[in-house]
Amino acid sequence: MTATTPSNNLPSVYDPKAAESKWQQFWEENHIYKADPSNKGEPYCIVIPPPNVTGSLHMGHAFDNSLIDTLVRYHRMKGKNALYLPGTDHASIAVQTILEKQLKEEGKTRYDLGREKFLERAWQWKAESGGTIVNQLRRLGVSVDWTRERFTLDEGLSKAVLEAFVKLYDEGLIYRGEYLVNWCPESQSAVSDLEVDQKEVNGNLWHFRYPLCDHSGYVEVATTRPETMLGDTAVAVNPNDERYKNLIGKTLILPIMNREIPIIGDELVDPTFGTGCVKVTPAHDPNDFQMGKRHNLPFINIMNKNGALNENAGEFQGQDRFVARKNVVAKLEELGVLVKVEEYKHTVPYSERGKVPIEPLLSTQWFVKIRPLADKALEFLDQQNSPHFVPQRWSKVYRDWLVKLEDWCISRQLWWGHQIPAWYAVSETGGEISDTTPFVVARNAEEALKKAKVQFGEEVKLERDPDVLDTWFSSGLWPFSTMGWPQQTPDLAKYYPTSVLVTGFDIIFFWVARMTMMAGHFTGKMPFQDVYIHGLVLDEKGKKMSKSAGNGIDPLLLIDKYGTDALRYTLIKEVAGAGQDIRLDYDRKKNESQSFEASRNFANKLWNASRFVMMNLPHPLTPSFYEGEGGLELSDKWILSRYNKVVKDTNNYISNYGLGEAAKGLYEFIWGDFCDWYIELVKSRLQKDADAVSQKVAQQTLVYVLEGILKLLHPYMPHITEEIWHTLTQQGADSKQSLSLQHYPEADETQINLGLEEEFDLLIGTIRTIRNLRAEADVKPGMKVAISLQTDSSREREILSSGEAYIKDLAKVESLSIVAGEANSEDKKAIAGVIGTVQVILPLTGVVDIAAFCTKLQKKLEKIENDIKSLSARLNNPGFVNNASPDIVQSVRDNLAEAEAQAQILRDRIHKLKV
């Protein structure tokens with residue numbers, strides 16, 4: 001069990017669950033991360049990408065928030081006035097779907113309850129179930145200011161949404177009009193282009209003929225949606241297509257409907273596609289809609305909002321669109337105008353929420369006139385490179401999208417959300433809201449009535465628009481509405497614009513551009529200085545995780561098994577460059593992962609090293625412990641050089657969003673340099689009989705570097721570092737101090753000695769080579785041996801001599817000779833290794849049973865020779881060489897070359913031992 005009160009040392013085993021709950025509670029109860037705009041320090045602010053209130057923590061959330069929290073903790077420790085602002089999105093469609101499903105199970109609809117009761121039920125659901133994702137975020141240990149938690153439907157944000165809508169309307173940037181929208185028959189709501197999934201399906205292409213009215217022939221058209229022909233009002237050809245130029249202006253008879261329709265010329269038609277003749281259904285296809293406007297064609301809507309055909313479909317009225325499709329084809333065949341049916345693979349747009357094909361439908365909706373807003377965002381990008389994208393390549397993607405934006409449909413036929421602040425004068429249209437009913441836009445009902453009376457008289461009757469705003473409308477205001485806009489608050493003055501948006505590339509179109517357009521218009525500034533685009537977390541097969549694919553990996557399960565810090569560290573350490581996807585290894589049968597296990601082992605390594613350090617310190621650590629300056633020994637200078645080098649590199653990496661690179665560098669330094677080497681190098685100086693001055697210098701260096709390590713690692717692994725730091729620094733039980741508020745290390749470049757580090761590389765390599773030779777020869781662990789180090793380099797001999805004590809101590813060497821010249825072991829049975837230009841010789845006479853050792857080497861040689869035969873046989877097989885991929889063939893060649901080299905080394909070694 002992890003200690004809950006400070007002591008002189010740590011428990012023998014680290015308990016992640018106990019430490020995590022303890023420190024998460026400590027941070028929150030003591031308001032460690034409460035931001036104060038009146039405090040000094042350069043502001044550093046990130047607003048959380050608000051997860052849906054319906055959600056639960058998935059790996060994408062865990063990855064995104066681990067990256068964000070690492071940045072925030074780092075900059076807070078750098079002395080900045082940091083704010084990490086949390087909150088959730090009200091998720092209109094998702095919440096309404098949940099509630100309507102519940103009502104359906106009760107045999108009811110929302111209309112049975114009425115709007116007021118339905119919304120009461122929605123808020124009740126939010127109170128009971130909406131906190132799941134927030135509590136799960138707490139388990140990640142994110143350093144957010146929970147006192148500032150926001151919800152996109154809370155009072156303040158609702159006022160901001162209202163103000164934004166009214167201002168845009170007053171400026172002529174919001175309008176109500178008839179337009180072709182993406183309609184979801186399942187949810188019976190318009191959906192934006194961003195809420196549409198493009199799915200490739202195996203469908204059909206139906207060809208049929210429309211006869212010319214002058215009986216001179218016919219034209220052949222093809223479509224994937226034959227039922228829409230009932231709403232055709234023209235056939236289009238390219239005006240430059242010689243085959244059909246003479247037909248432009250003639251008319252056709254539309255089969256089934258017997259409607260006369262014109263042949264028009266339009267350059268949108270691709271002459272190479274199909275027959276070059278295109279049926280035009282302006283009310284049910286985006287391209288046809290544009291042609292319909294250009295040529296003043298009738299717009300005939302044949303479909304109800306539930307996906308069934310309406311009275312304009314004639315005999316097919318009331319049929320579901322897919323039923324009607326079959327029946328229309330059968331009728332065309334009966335009339336003798338069906339030419340052929342082809343199998344055809346094509347892309348079909350599906351409603352992201354409704355999970356059904358969307359239907360382009362002519363509908364009266366509310367729209368934002370997007371061009372002025374998009375042009376303002378483009379101006380910031382082109383003139384100021386604002387916001388700055390990391391990696392920069394995403395700037396072009398963002399720009400291209402802004403250029404292509406169409407007007408934004410912002411109304412949704414739902415009840416849960418921000419109700420549109422428009423009131424219709426129903427007394428002008430018989431008490432009903434119709435497409436022609438006049439309206440007023442106002443901030444509240446009283447203001448609306450006042451405006452309406454001026455326009456329509458004292459007896460006017462008003463009814464509020466029942467629709468709500470697209471969720472992305474409120475999310476687009478998130479960076480500044482959460483800080484009090486439209487009021488000029490201290491938070492807005494201090495923390496806005498925010499420092500960085502951290503998000504996946506798949507949401508640039510959904511959210512990033514919405515925020516930049518809204519912010520540019522309402523605040524005159526971009527909402528964030530940088531946009532850090534990270535990749536996706538892929539499953540063990542390199543596939544994108546999704547609910548539909550059922551291949552998600554539950555981060556909470558991994559937290560329970562390996563600890564939060566291990567989860568956070570693994571996700572960030574796996575990032576190999578900004579914007580790159582990361583692939584997780586995961587055994588689904590065992591619910592295990594080697595990557596997360598490695599990070600848990602890393603945490604345990606740090607824990608055990610810290611315990612060792614504290615076990616070898618005087619207690620208590622009084623101020624006198626830090627006084628006095630003894631001479632630093634070679635290993636002390638080396639670790640201080642390595643420490644300051646990693647401090648410098650870590651600061652450079654993180655400040656430039658190289659979080660993965662920084663994590664890898666810390667891992668190598670902590671595990672390798674500090675735990676595996678420095679602690680081993682100073683163990684002899686910590687013994688009771690060691691020189692007192694040398695011992696104190698070793699202890700001081702251990703404490704200095706260990707505390708620095710805890711600070712360096714804290715943004716990545718906050719719980720274990722906080723736990724160790726409190727014990728190391730002997731914080732009292734009532735201490736309100738937190739490691740997260742300490743200063744992040746700065747490099748002392750005067751202590752960086754790259755020459756010394758190179759020298760130590762040779763010493764460490766030599767020790768490692770001796771250890772490998774001992775293991776290969778099965779030398780007993782406790783036995784000390786004689787070693788000869790031979791090199792022609794006087795510089796290398798000097799380095800080896802300076803580190804002689806380290807070599808003897810760590811490699812269990814009794815006698816060490818460091819000489820110039822070639823090896824001369826004519827009278828010795830020995831094995832040798834090489835590090836740099838140094839030959840390391842381990843004499844075996846009297847150390848091991850040489851005959852038994854030769855037998856062992858011979859068996860190893862036989863196995864390798866068998867491998868060589870197998871690999872050679874594969875390469876001599878034409879079927880393998882000709883049919884296998886070049887990469888696999890080259891891999892076999894490489895393995896063969898390596899095996900042959902190993903075999904020759906073994907033959908030489910056996911020969912020398914038998915001479």
For R150 and D154, what are the C-alpha separation, side-chain angles and deciding distance, and is it a salt bridge (Lys or Arg N to Asp or Glu O under 4.0 Å)?
-> CA-CA 7 Å; R150 303 306 300 264; D154 69 29; 3.0 Å; yes
Classify the side-chain pair Q487/T489 by whether it contains a donor and acceptor separated by less than 3.5 Å.
-> no
Other residues, nucleotides, ligands: >12 heavy atoms within 6.0 Å of K80 NZ = yes
OG1 on T281 to CG on D232, rounded to 0.5 Å = 3.5 Å
Side chain of N304, backbone of N306: donor and acceptor closer than 3.5 Å?
-> no
T233 side chain to P298 main-chain N or O, any donor-acceptor pair under 3.5 Å?
-> yes
Any side-chain heavy atom of I433 sitting closer than 4.5 Å to one from P466?
-> yes
Do the side chain of D69 and the main chain of N65 share a donor and acceptor less than 3.5 angstrom apart?
-> no
What orientation do F151 and W416 show, parallel under 30°, tilted 30 to 60°, or perpendicular over 60°?
-> tilted
Are R412 and D470 close enough for a salt bridge, meaning some N to O gap below 4.0 Å?
-> yes
Should the ring pair Y532 and Y657 be called parallel, tilted or perpendicular, given that the plane angle runs from 0 to 90° and is split at 30 and 60?
-> parallel
For G504, does its backbone N or O pair with a side-chain atom of D64 as donor and acceptor, under 3.5 Å?
-> no
Which class fits the ring pair Y424 and F439: parallel under 30°, tilted 30 to 60°, perpendicular over 60°?
-> perpendicular
Is the closest basic N to carboxylate O distance between E359 and R225 below 4.0 Å?
-> yes
Which distance, rounded to the nearest 0.5 Å, do you find between the OG1 of T516 and the CG of L501?
-> 10.0 Å
Contact summary for E149 and G87, nearest pair of heavy atoms | CG-CA, 4.3 Å
Is there a donor-acceptor pair under 3.5 Å between the side chain of T523 and the backbone N or O of G520?
-> no
Compare all side-chain heavy atoms of P497 with those of F528 and state whether any distance is below 4.5 angstrom.
-> no
Could you grab the distance from atom NZ of K369 to atom OH of Y169, nearest 0.5 Å is fine?
-> 11.0 Å
Heavy-atom closest pair (V142 atom, L137 atom, distance to 0.1 Å) is CG2-O, 3.5 Å
K159 NZ: over 12 foreign heavy atoms closer than 6.0 Å | no
Does Q413 reach the main-chain N or O of A190 with its side chain, forming a donor-acceptor pair under 3.5 Å?
-> yes
Rounded to the nearest 0.5 Å, how far apart are CG of D288 and CG of L297?
-> 9.0 Å
With a 4.5 Å limit on heavy-atom distance, are the side chains of P49 and V502 in contact?
-> no
Looking at CG of L373 and CZ of R514, how far apart are the two atoms once the value is rounded to the nearest 0.5 Å?
-> 10.5 Å
Determine whether S499 and H75 make a side-chain contact, defined as any pair of heavy atoms from C-beta on separated by less than 4.5 Å.
-> no
Side-chain (N52) to main-chain (T54) donor-acceptor, under 3.5 angstrom = no
Using a cut-off of 6.0 Å, state whether more than 12 heavy atoms not belonging to E171 lie near its atom CD.
-> yes
So, W366 side chain and I174 main chain: donor-acceptor pair closer than 3.5 Å or not?
-> no
Just wondering, are more than 12 heavy atoms of other shown residues or ligands nearer than 6.0 Å to CD in Q392?
-> yes
Measure the spacing between OH of Y350 and CD of E186 and express it to the nearest 0.5 Å.
-> 12.5 Å
Anything under 30° is parallel, anything over 60° is perpendicular, the rest tilted; go ahead and classify Y496 against F480.
-> perpendicular
If we ignore angles and hydrogens, is there a donor and acceptor under 3.5 Å between the side chains of T224 and Y344?
-> no
Under 3.5 Å, is there a donor-acceptor pair linking the side chains of T228 and K279?
-> yes
Between D539 and K541, is there a salt bridge with N-O shorter than 4.0 Å?
-> no
Side-chain donor or acceptor of D581 paired with backbone N/O of L536 under 3.5 Å | yes
Step by step, would you call R399 with D382 a salt bridge (Lys or Arg N to Asp or Glu O under 4.0 Å)?
-> CA-CA 9 Å; R399 190 185 194 285; D382 294 341; 2.9 Å; yes
Nearest heavy-atom contact between E163 and P486 is CG-CG, 3.9 Å
Residues, nucleotides or ligands: over 12 heavy atoms within 6.0 Å of E343 CD | no
Verify side chain to side chain contact (heavy atoms under 4.5 Å, CB included) between I572 and L67, making sure each step is shown before the conclusion.
-> CA-CA 7 Å; I572 300 176; L67 289 168; 4.1 Å; yes
Could you go through the side chain to side chain contact (heavy atoms under 4.5 Å, CB included) check for F505 and R393 one step at a time?
-> CA-CA 11 Å; F505 65 80; R393 67 178 182 273; over 6 Å; no
Please report the closest heavy-atom contact between A662 and Y653, naming both atoms and the distance.
-> CB-CB, 3.7 Å
Would you indicate whether the side-chain heavy atoms of K293 and F299 approach each other to under 4.5 Å?
-> yes
Would you indicate whether the side-chain heavy atoms of M483 and C45 approach each other to under 4.5 Å?
-> yes
V269 and N238: which non-hydrogen atoms are nearest, and at how many Å?
-> O-ND2, 2.9 Å
Quick one: do T275 and R243 satisfy side chain to side chain contact (heavy atoms under 4.5 Å, CB included)? Show the steps, please.
-> CA-CA 10 Å; T275 65; R243 295 172 296 172; 5.7 Å; no
Check whether the ring centres of H418 and F473 lie less than 6.0 Å apart, and answer yes or no.
-> no
Do the side chains of T503 and I533 get nearer than 4.5 Å, heavy atoms only?
-> yes
Closest non-hydrogen atom pair between L157 and T152, with its separation | CD2-CA, 3.6 Å
Would E342 and H207 count as a side chain to side chain contact (heavy atoms under 4.5 Å, CB included) if you check the C-alpha gap in whole Å, the side-chain angles of each, and the deciding distance to 0.1 Å?
-> CA-CA 8 Å; E342 295 179 311; H207 294 250; 3.0 Å; yes
Min side-chain heavy-atom separation I370-E406 under 4.5 Å = no
Can you check whether L153's main-chain N or O pairs, donor with acceptor, with S158's side chain at less than 3.5 Å?
-> yes
